[in-house]
Amino acid sequence: MRSANTHLKFLVALLVSLGLAITAYQIFVIGIPVTEDATDNLWTVDTKVEFQAQTGKPVKVNMFVPPMTENYVSLNESFISNNYGVSVQRDNGNRSLTWSARRAKGNQTLYYRLVLSKRYGSDTPEAKGSIERAPLPVEGAEKIAAEALLSPIRQHSADIETFVRETIRRVNRAGDDNVALLLGGDKSIERKVQVIDLLLSLARIPMEQVRTIKLVEINSQEPELWLRSFNGEKWLYFNPESGQQGLPADRLIWWFGANELVSLEGGKNAKVTFSLNSNQLNAIRVAKMSDEKAEASFLEYSLYGLPLSTQQTYKIMIMIPIGVLVILILRNLIGIQTLGTFTPVLIALAFRETQVGFGIILFTFITALGLSLRSYLEHLKLQMLPRLSIVLTFVVVIIAVISLFSHKLGLERGLAIALFPMVILTMTIERLSITWEERGGTQTFKVAVGTIIAASLAHMLMTIPELVYFVFTFPAVLLILVGFMLAMGRYRGYRLTELFRFKAMLKDS
């Protein structure tokens, strides 16, 4: 007996722990929203390229576009142009778009639109970089100034991360004669990046320029310059002015390297403008859109991977254990008597279409007529199988008549009575009749009322939208329910109704 108890406790703990672990992983690691109301930002980035075409010459426009290799995933890309061919290429971690035309004349406008969202599932790993590089050529006074700067940088750094950060801090510090010499009077961010690159190259530390777009709703912005360096394990991103480490979450990488955003052949005066706006969209819908583009793992192996029609069926089926749990609690803990466990749940499913109030009326009416017929057939001394067949046929006729009159009276909800499980109604009538014969009318009334109460409570829980979404999205919670059901399987204590009954007996004594 003790071995069986230990086995049961272990099984309950295992199921509950497994259900909690899987659900927690989906919520906290994968990031699946807990509620259906949760929304995600859907960003639309419009890039407009304007230039003056040179008459009679072929035109070729090459522009970098986001590689989409990190925290964001592309949901849609559009290339809007008139009489231009379009192609996309990948090279050294970058992605570039090429518009080409045999002839163009006058002012030209090309558009590139990108719709993106946060990436779901596992992030796409970044390609590894080099951990060494050759020093850039430098001579004379510039070399002396660079070496003078490198000496304190080495003293105040312990690894690549601190070395890069200290270099950026030194180059941006005002009043340093060595920095002023290397800058040559040009204090632009581009020139500072060149000096930082020179110093890092002399220390053989790799550095790469990164251009980003800030995801904010503004009409126009310029790409923001960042730096990155590979430390042997991962890329480290740095702000070239403040030395801040770590790319902010609202930055979208557009391209790597020191090349210009747009290169133009057969034209002049190229100008690029960015416009961004965001929309709130249901988080799961965004994840499903992401799945089509990026094969998000949590959707591939979840119920959301099923066809939409099948999903609707499973949203009903997966809530049946919730209804069964309600019946179990009502019977084992509270002590309400019902016609078995599954009959109230099946009636609760029928209430989905008839609604509770109208469904109770229809159920009571059909059951009352069926009991009257069953009582009459009892006098004919029929065997059980013919008797059940007659009751079933009578139930079908009653349902058909009620549906017909409901339609004539304009009560379209009455048509939903056809969804009542006819076999269950027949067996309900049969079991209530047997209960009446064996235990009397009072007990039969209690069982019938208990069945209606249980079915109504189960229906209310099974149709709560937030609960349906949660169980459908995190089906591992059913393992927790099974663990609870197993624990209740050994319950031998008093039921709530029995406590009230015994309390009355204590008062009498």
Side-chain angles (χ1 to χ4, degrees), residues 7-43 68-75 116-128 233-235 246-250 252 280-308 310-326 461-462 464-488:
H7 181 86
L8 179 63
K9 290 178 180 178
F10 173 77
L11 187 58
V12 170
L14 177 64
L15 290 173
V16 172
S17 300
L18 187 60
L20 288 173
I22 295 174
T23 304
Y25 176 81
Q26 290 180 290
I27 295 174
F28 297 109
V29 178
I30 298 179
I32 304 176
V34 177
T35 64
E36 194 172 16
D37 294 334
T39 58
D40 274 346
N41 273 343
L42 202 65
W43 286 97
M68 308 303 295
T69 56
E70 292 188 326
N71 298 326
Y72 292 92
V73 60
S74 168
L75 304 182
L116 56 91
S117 179
K118 281 283 188 181
R119 182 179 296 275
Y120 277 83
S122 301
D123 290 344
T124 302
E126 289 186 281
K128 294 184 177 180
E233 296 180 359
K234 62 180 181 179
W235 288 99
L247 199 63
D250 62 352
L252 170 67
Q280 294 290 325
L281 198 63
N282 176 269
I284 287 294
R285 184 179 172 189
V286 173
K288 292 173 70 176
M289 294 169 66
S290 302
D291 177 46
E292 295 175 2
K293 299 292 181 180
E295 300 181 356
S297 57
F298 89 87
L299 286 173
E300 186 179 356
Y301 298 103
S302 74
L303 295 177
Y304 286 99
L306 297 172
L308 289 178
T310 308
Q311 286 185 36
Q312 296 304 318
T313 302
Y314 271 92
K315 282 184 178 180
I316 298 173
M317 289 178 54
I318 205 166
M319 295 305 293
I320 291 178
I322 301 294
V324 172
L325 180 63
V326 172
L461 271 180
M462 293 166 64
I464 296 176
E466 293 80 7
L467 187 59
V468 173
Y469 165 83
F470 189 85
V471 177
F472 186 80
T473 308
F474 307 100
V477 298
L478 295 181
L479 295 177
I480 302 175
L481 295 187
V482 173
F484 184 71
M485 293 173 185
L486 284 172
M488 289 183 62

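Computation of the quantities below employed the complete heavy-atom set of this structure, encompassing side-chain atoms and omitting hydrogens, waters and symmetry-equivalent molecules.
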If every non-hydrogen atom of [X] is compared with every non-hydrogen atom of [Y], which pair is closest and at what distance?
X: Met319; Y: Val468; value: SD-CA, 3.8 Å
X: Ala487; Y: Val12; value: N-CG2, 4.0 Å
X: Tyr469; Y: Val34; value: CE2-O, 3.1 Å
X: Leu75; Y: Leu42; value: CD1-CD1, 3.0 Å

Point-to-point distance, once rounded to the nearest 0.5 Å, from [atom1] of [X] to [atom2] of [Y]:
X: Tyr72; Y: Ser117; atom1: OH; atom2: OG; answer: 8.5 Å
X: Leu252; Y: Asp250; atom1: CG; atom2: CG; answer: 10.0 Å
X: Leu15; Y: Ile480; atom1: CG; atom2: CD1; answer: 10.0 Å

TODO: Begin with the C-alpha distance, continue with both residues' side-chain angles, and end with the deciding distance and a verdict on side chain to side chain contact (heavy atoms under 4.5 Å, CB included) for Thr473 and Gln26.
DONE: CA-CA 9 Å; Thr473 308; Gln26 290 180 290; 5.7 Å; no
Open item on the list: Using side-chain heavy atoms (C-beta onward) and a distance below 4.5 Å, is Val326 in contact with Met462?
Closed with: no
TODO: Decide yes or no for Phe470 and Thr23: does some side-chain heavy atom of the first lie under 4.5 Å from some side-chain heavy atom of the second?
DONE: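 Yes - at least one pair of side-chain heavy atoms lies under 4.5 Å apart.
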Task: Stepwise side chain to side chain contact (heavy atoms under 4.5 Å, CB included) test for Glu466 and Thr35 - done: CA-CA 7 Å; Glu466 293 80 7; Thr35 64; 5.8 Å; no
- [ ] Count the heavy atoms belonging to other residues, nucleotides or ligands that lie under 6.0 Å from NZ of Lys315, then report whether that count exceeds 12.
- [x]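 More than 12 heavy atoms, drawn from other residues, nucleotides or ligands, come within 6.0 Å of this atom.
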